[in-house]
2 protein chains.
Amino acid sequence: MDLQLPPTLRQLRVACSQCNLMELCLPVGLSEEDVARIEELIGTRRKLKRHQALYEVRSPFQALYAIRAGSFKTTIVLEDGREQVTGFQMTGELLGLDGISTGQHVVSAIALEDSEACVIEYARLEALAREIQGLQAQFHKVLSREIVREQSVMMLLGTMRAEERLAAFLLNLAQRFAARGFSGTEFRLRMTREEIGSYLGLKLETVSRTLSHFQEEGLIEVQHKNIRLRDRERLRGLIQAPLSH
Amino acid sequence: MDLQLPPTLRQLRVACSQCNLMELCLPVGLSEEDVARIEELIGTRRKLKRHQALYEVRSPFQALYAIRAGSFKTTIVLEDGREQVTGFQMTGELLGLDGISTGQHVVSAIALEDSEACVIEYARLEALAREIQGLQAQFHKVLSREIVREQSVMMLLGTMRAEERLAAFLLNLAQRFAARGFSGTEFRLRMTREEIGSYLGLKLETVSRTLSHFQEEGLIEVQHKNIRLRDRERLRGLIQAPLSH
DNA sequence: ACGACAGGTTGACCGTCATCAACGAAAACG
DNA sequence: CGTTTTCGTTGATGACGGTCAACCTGTCGT
């Protein structure tokens, strides 16, 4: 199983020409000229305060968003009000892909902290993708990667127990922080226990208990939202050999 | 929540020029000329016997597959051997999207019955998508639709109880059969109880029991793999008002 | 700076579904 | 065509995580 995203880009909190439009072009080594053209894509930027929506479910889709700073959650809701977090996104990741299908967003994207996102008008992206082959290829990879990520989550929700889910979640977060040049050992959770639980198909009490349990076992240190991984290997072992509990 | 795919195409068991390359072009109304060009995409066809793999996990990705006849499941496996079904696909649907991301498949696609698939070489598709705008747009929609579908499954796995999951599953199947011109009321399951359970995050015994329970309640008739929906509305109600159990 | 409230922890109890097991029926095989 | 194997059903039991509740701590807003 692999909740880990591919090892991506470093230094992301920089100017667009530096950050290379996030995951959209870095890995493919576009020409300088192409990179310059891609910058045309970026229209406005949007700053969001904590809890503000970048877009809401059912709103018309017209743009993707590259997270420039901060972090987000995406949530989907049932008619009866039940809500589920379908993902947490951080710097450099792309939001809004769910809207392409029907022209309306099917999830809402909510800032977990004060954040900033670059607006990528979708019509422009499609046009440019036709001209720059590398951009098209990379965009398809981003879409496919999201499909793969969600399959990992399905696996997690379908076959793993609470401990395993939490372990996988923490390791995934660590991996993504590390990929961004932050510590992969010590980090701060941007989301609440309830949001974690929603994402992992658990109740907040179970999340809290399991974290405490990990701490007793010496696997991690928890202090409110601050997490420190103390024994990555055993944490990883939890996922692979769940029955040895 | 919406496990239902958009109402798509009818008459699919026909020649390529008739079936309009499945979900790839029908909804967008391409010109006749474009449709003709798209037919170039189809290389060989592959016939598969029941239980045969269309592609295996970790195999190199080079093509997508449009299901021409029959049906498939996609499965993902953990190192420890646990396996999960991530989807069931039927005529007209596209397989292989998971491979675009890394160039290797992350799931295996297994025929649930004797089946046939059209091979769409991916390099050709990318090239043609640059030339035919409608094709590019449609392909993006297909990718996005898969993202949305998986989000529905995450919701199902994360928040629903066994009864609700089964009800959602049956209604989704019915909807897809109907969209293909078959009966949406009476149909034959192509998969085993174990495969259903794996997809829904349940054990096969629970699937069996829940189906029996639905039958006692007069919601459906079950006879081995044959299903008949007797009260769609109450079935639908199960999903929306789970607490009234 | 203070107070209110959201967020987090822990405990006791209970329900849903997993597990183990036995049996029966259909389908695949030679 | 009969045998073997896969598939499905049903029952008894128990564990994992949900639920309800009380309490504590930190954070946010004024």
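Chain letters run A, B, ... following the sequence lines, proteins first, then strands; residues in each count from 1. Side chains are part of it too, since the values below use all heavy atoms of this structure and drop only hydrogens, waters and symmetry mates.
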>> With a 4.0 Å cutoff (strictly under), does any side-chain N or O of B/Lys225 reach OP1 or OP2 of D/dC7?
In response: no
>> Going by the rule side chain to side chain donor-acceptor pair (under 3.5 Å), which residues pair with B/Glu216 if we only count those two or more places apart in sequence or in a different chain?
In response: none
>> Can you confirm whether or not the ring centre of A/Phe182 sits under 6.0 Å from the ring centre of A/Phe187?
In response: no
> Taking atom P of D/dT5 as reference, at what distance in whole Å does atom NE2 of B/His51 sit?
Replying inline: 16 Å
>> According to salt bridge (charged side-chain N to carboxylate O under 4.0 Å, His left out), who are the partners of A/Lys73, at least two apart in sequence or on a separate chain?
In response: A/Glu195
> With A/Glu146, which residues qualify under side chain to side chain donor-acceptor pair (under 3.5 Å), at least two apart?
Replying inline: A/Arg149
> Starting at CG of B/Leu189 and ending at P of C/dA27, how long is that distance when rounded to a whole Å?
Replying inline: 13 Å
> For nucleotides 25-30 of chain D, read 5' to 3', which letter fits each nucleotide if B means a protein heavy atom sits under 4.0 Å from the base, S means only the sugar-phosphate is that close, and - means neither?
Replying inline: -S-S--
> Looking at residues at least two apart in the chain, or sitting in another chain, which of them share a salt bridge (charged side-chain N to carboxylate O under 4.0 Å, His left out) with B/Glu83?
Replying inline: none
> Rounding to a whole Å, what distance do you find between B/Asn226:CG and D/dC7:C1'?
Replying inline: 14 Å
> Of B/Ala162 and A/Glu216, whose closest DNA chain C nucleotide lies nearer the 5' terminus?
Replying inline: A/Glu216
>> Once salt bridge (charged side-chain N to carboxylate O under 4.0 Å, His left out) is applied, what residue pairs with a partner in residues 199-210 of chain A remain, sequence neighbours excluded?
In response: none
> What is the distance, rounded to the nearest whole Å, between atom CD of A/Glu194 and atom C1' of D/dG18?
Replying inline: 14 Å
>> Can you work out whether B/Thr206 or A/Thr206 has the more 5'-proximal nearest nucleotide on DNA chain D?
In response: B/Thr206
> Hey, what bend do you get for the helix from C/dA1-D/dT30 to C/dG30-D/dC1 if you fit axes on five pairs at each end, rounded to 10°?
Replying inline: 70°
>> For A/Glu186, give me all partners under salt bridge (charged side-chain N to carboxylate O under 4.0 Å, His left out), at least two apart in sequence or on another chain.
In response: none
> D/dC7, C/dT10, D/dT9: which one has an atom nearest the side-chain heavy atoms of B/Leu204?
Replying inline: D/dT9
> Across the strands shown, which category fits A/Gly197 at heavy-atom distances under 4.0 angstrom: base, sugar-phosphate, nothing?
Replying inline: nothing
> Can you list the residues that meet the side-chain contact (heavy atoms from CB on, under 4.5 Å) rule with B/Val119, with sequence neighbours excluded?
Replying inline: B/Thr44, B/Arg46, B/Ala63, B/Tyr65
>> Can you measure A/Glu163 atom CD to D/dA15 atom P for me and round it to whole angstrom units?
In response: 16 Å
>> Could you work out, with salt bridge (charged side-chain N to carboxylate O under 4.0 Å, His left out) as the rule, every residue matching A/Arg234, not counting sequence neighbours?
In response: A/Glu217, A/Asp231
Distances under 3.5 Å between nitrogen or oxygen atoms of protein and nucleotides 20-22 of chain C:
| from | atom 1 | to | atom 2 | distance (Å) |
| --- | --- | --- | --- | --- |
| C/dC20 | N4 | B/Glu205 | OE2 | 3.3 |

>> Taking the minimum atom-to-atom distance to the side chain of A/Thr192, which one of D/dG8, C/dT9, C/dG8 wins?
In response: C/dG8
>> Over 60° means perpendicular and under 30° means parallel, so tell me whether A/His105 and A/Tyr55 are parallel, tilted or perpendicular.
In response: parallel
> Excluding sequence neighbours, so at least two apart, what forms side chain to side chain donor-acceptor pair (under 3.5 Å) with B/Arg50?
Replying inline: none
>> Distance check needed: D/dG8 P versus B/Lys203 NZ, whole Å only.
In response: 15 Å
